[in-house]
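So that the names make sense, note that chain A is the first sequence line, chain B the second, and so on, each numbered from 1.
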Amino acid sequence: MKKIFGWIKEIVSLGRRSEKKLAFTFLFRRFQKILGLNNQILDLMAEMGGKLGGSYVFDRHYIESSCQHAVHLAHNLIYNLDIIAPKKYSVLSDVFDRISSEIEEELAGKLVIPQTDYVMPYNLITRDFADVVGAKNANVAELKNLLHLTAPEGFAITTRAFQCFMDHNGLRDRVRTIIADWESGNMSGEQASAEIQALIMAGTTPPQVNQAVDSALKRLRKTAGGEDFFLAVRSSAWGEDSELSFAGQYKSLLNQPAKDLLECYKTVLASTYSASAMEYRQQTGFAEHEVAMAVGCQLMIDAKMSGVMYTLDPRFPERDLALITATWGLGAPLVAGQATADEYTVSRKPAHPVTGFEVVRKAQQLVAKEGGGCEFRPVRQDRQAKPCLGDQETRRIAETGLMIERYFRKPQDIEWAVDQDDNLVILQARPLNVKSHMAKLVCDIASILKNYPVVFANKGVIAQNGIATGNVFVVNSDEDLDRFPQGAILVAKYTSPRFAKVARKANGILTDVGSVTGHMATIAREFRIPTIVDTGVATQLLHQGQEVTVDAEDNVVYEGTIKELCYYEFTEEAFEESYEYRLLRRILKRITPLNLLDPHDKNFVPSACQTLHDITRFVHEKAVETLIDLNYYHHHDPDVVARKMKWHIPLDLVLIDIGGGINERSDASTVGLDEIVSVPMQAFLEGLAVPGAWSSDPTSVDFGSFMSSLTRTFSSHLATPKYVGQNLAVISKEYANISLRLGYHFNMIDMYVDDNPNDNYAYFRFLGGVTDPARRSRRAKFIRDILVRNDFRVDIRQDLVVGRIKKLSAKRMVEKILLLGQLVAFTRQLDVQMGSDERIVTFVEGFEQLTRLPAADDATGGKPHE
Amino acid sequence: MNDAQKTSILVLDDEEIVLKRLRPALEKAGYDVEAFSRSPEAFARIREKTFDIVITDLKMEGIDGMEFLTGVKVHCPETQVIVITGFATMETAKESFQKGVFDFLAKPFKLGEILETVKKAETKLRKNKSR
């Protein structure tokens, strides 16, 4: 019993201890540790993101070790935050556990489908959802949403629904066992396929999937405009229509009544395990654990005519032609090779003239039946020998097709239809395999390349790899972007996220300055635009209209158009399609995206963290906040000796040195200015005491007496407990936290300066005042104007002003802190004079004249480009 | 240019992705490239044909890269060996150089870096031949 009491006592005292204030020096060390970890993980994330660019050769081992490192650093960050703010953000650990276990599962080879709905309407789908809706759905939706082409309305039943179906029916393990039997030769492919398909057809769709499908159908019914409507139900497997086309491996069902959708869904799911699909996967090295089937449900298009376009005629690639086939009615028999069709060859270059055609007799056409399904019907006599397409139609199809090719960066195999209203509808687009046809064209690419002059090579960093040809278009302004021609090469001094505007048009991007992990690089990767950044020379060496070939594989820019190099790229498996690239890309989705942008947002909470970057951002923000709060409420360590500042300016200031902030540790109870070696403190005091700056003091009181009248410490009963305290500075070599009670204002400045710009920040907080609210708020506006003009980020709420600046070089940082010192001295009781709004402008000008601010012109001080 | 004049390179790495990236880059730079992901095949090929340059990983499943590069040097001392490894330590680097390796690159590396290294190895080959 006694033992139990002792135990309880211990727990209670433990609890109390955690609430007890920890020594400030100790907390500060932790804070510094967080800063260090923060930089490490940001560097690592940038490095990992850079690997997607294409300059590097990396392997699986790299992915594993760098992931482990990132997870370790994030864990350490959370651990240290928990020390300085005990138990305050404990949800963070749960979030971390979830993210790190997802990363682990990805590394272990399990496909982790992001938490999505069972059904996604096409208007919400982008390429980033390819994992969820399959490439076929993603491509069609992307053409619709991004390139604004006409494609059928519809929705996707996601891979999550597939996984849910397999779990609901307990099929995962059974399928795995059958596959293993087949792989080890104990069972034939046909047998294995039949068994798995039977299991799927005997399964039932989970209720939550039924529900989602039902409501999606209801929405689609509105578009269809009728109770009875018909769907094309198409396979859209994970990985299908990527580099591996899986052409014809899976089932698609046409003109199915909407009420039969769930039965059709199962049929398409079952086709995932057709014998040929299983063998195709095995031959192409597609891992079984990567199998996940999504299904596209599209409104059936009532086609007048249909066909296929190959954006590059694979039979004669050297002729640089596109191939279009066309027939009356639906295109399915043409795709399946069951019908004859008209054939047109057109030039790949605008305006795509027809170079040859062959019209055949088309006696039969496939049409949609009234009650569902399709049937062949005879074509009207007078139309049988008539060509399906005229010049206008071929040009329309060619233009659209080449836009799709430019976007997907491979020759395309496109299924199209013309509906009863003469709209060109894109049903499907997938990469066209031209490898074998290209081989002889590009057999000695090295000697072909020798014929072309190199404009520059190995100058920058590849942000997105690929080959691009086109004419140079130099972009200096936003207006230039509006004039950007289709298919040009964008050349600019800086990268800018605004280039997204021309992402549909640009064949390639070259910039003088920029980074692989910047926003524009992300956009370039999204649109797969071959991009080289940070070349240093692009705008100098290239001129408007110059015809160039950008090799963003080997980092070379050639003069002229090298067709063969484009073809060579067509023959190679795109880097983006390799398992390792896909793995790294998938894993990075859980590491690098930043969702927690604004600390003032109500979603800036641990539970909203989705990635390691979010966690890092959150920990950093909260660590700074905690440190500031600690000083704000003056919870400094009572054991630390506090010493008074001895100065010609009667500033009633107490200094607490927590490490290297004061030159010599003497026992004296005062500190002189020359003894202070804290970099930010020194800069601040220097600013406060800039000689001559006060000659036109706005209060027309001499500085010394003015200062002394305002810097006396208020007795505690006059102020709210929150503001009690004296003028206090907690300093170290790199750090200073200054709380000033000047007159009735409260000023808090928190600063850190060392050699690494990423560590550096200054936080400035100003509150209070002696006069009426209008005058106080004018003074706040004055402070805001000064801070904004000096690149601070400023929040203002009535007369509370918060200014932040960070990540400047030590030199620039010191300049900014010096300015803060001047500002603090200048603004004391300024509100007395703030009689009108015009005075704000006058004082801003006055202040700038006094301080003669240097122009923000260097790279770190200027407005960042991204 | 015919193949006989081209500098021949054998690449051995058990991670396919490395081969997929290296082969086209080297081909475009004008080299005659053979790539292997399994060392027995690479060993067999070394016995059949003398390569100017061998690029090999050090740590691969089943075999020791050190053993392989020793074998290469025994079979043809003229061959320049470039080691690429994701487990770069001072010890392995030292050991590689002692065994007469031309250069040592830590993975991940830039395509430009390996092309540069290959060029340097070529220069050395030419010097050796003209001697």
Only one of A:Val556, A:Ile448, A:Leu565 forms a side-chain contact (heavy atoms from CB on, under 4.5 Å) with B:Lys28, so which one is it? A:Leu565
Mind ranking A:Ile462, A:Asp551, A:Leu449, A:Asn458 by heavy-atom pairs under 4.5 Å with chain B and telling me who comes out on top? A:Asp551
Stepwise, does the side chain to side chain contact (heavy atoms under 4.5 Å, CB included) test hold for A:Asn555 with B:Lys110? CA-CA 11 Å; A:Asn555 203 347; B:Lys110 281 186 176 176; over 6 Å; no
Can you confirm whether more than 12 heavy atoms, excluding those of B:Glu41, are under 6.0 Å from its CD atom? yes
For B:Lys119, does the NZ atom sit with more than 12 other heavy atoms under 6.0 Å from it, leaving out its own atoms? no
As an exercise, state the distance from CG of B:Asp13 to CG of A:Asp59, rounded to the nearest 0.5 Å. 6.5 Å
Which atoms of B:Ala29 come close to chain A, meaning under 4.5 Å heavy atom to heavy atom: side chain ones, backbone ones, both, or neither? backbone
Is there a side-chain contact between B:Glu15 and A:Glu580, using heavy atoms and a 4.5 Å cut-off? yes
Can you list the steps and then say if B:Leu111 with A:Val57 is a side chain to side chain contact (heavy atoms under 4.5 Å, CB included)? CA-CA 6 Å; B:Leu111 277 175; A:Val57 176; 3.6 Å; yes
Nearest 0.5 Å, please: how far is NE2 in A:His61 from OG1 in B:Thr85? 7.0 Å
Which residues in residues 97-109 of chain B have a heavy atom less than 4.5 Å from any heavy atom of chain A? B:Lys107, B:Pro108, B:Phe109
Do other residues, nucleotides or ligands put more than 12 heavy atoms under 6.0 Å from B:Lys73 NZ? yes
If you count heavy atoms of other groups shown closer than 6.0 angstrom to CZ of B:Arg45, is the number above 12? yes
Interatomic distance, B:Ile17 atom CD1 to A:Tyr581 atom OH [nearest 0.5 angstrom]: 10.5 Å
side-chain contact (heavy atoms from CB on, under 4.5 Å) with A:Val455: which residues, sequence neighbours excluded? A:Leu541, A:Leu542, A:Gln546, A:Val557, A:Glu559
Keeping the roles fixed (side chain from B:Arg21, backbone from A:Phe58), state whether a donor-acceptor pair exists under 3.5 Å. no
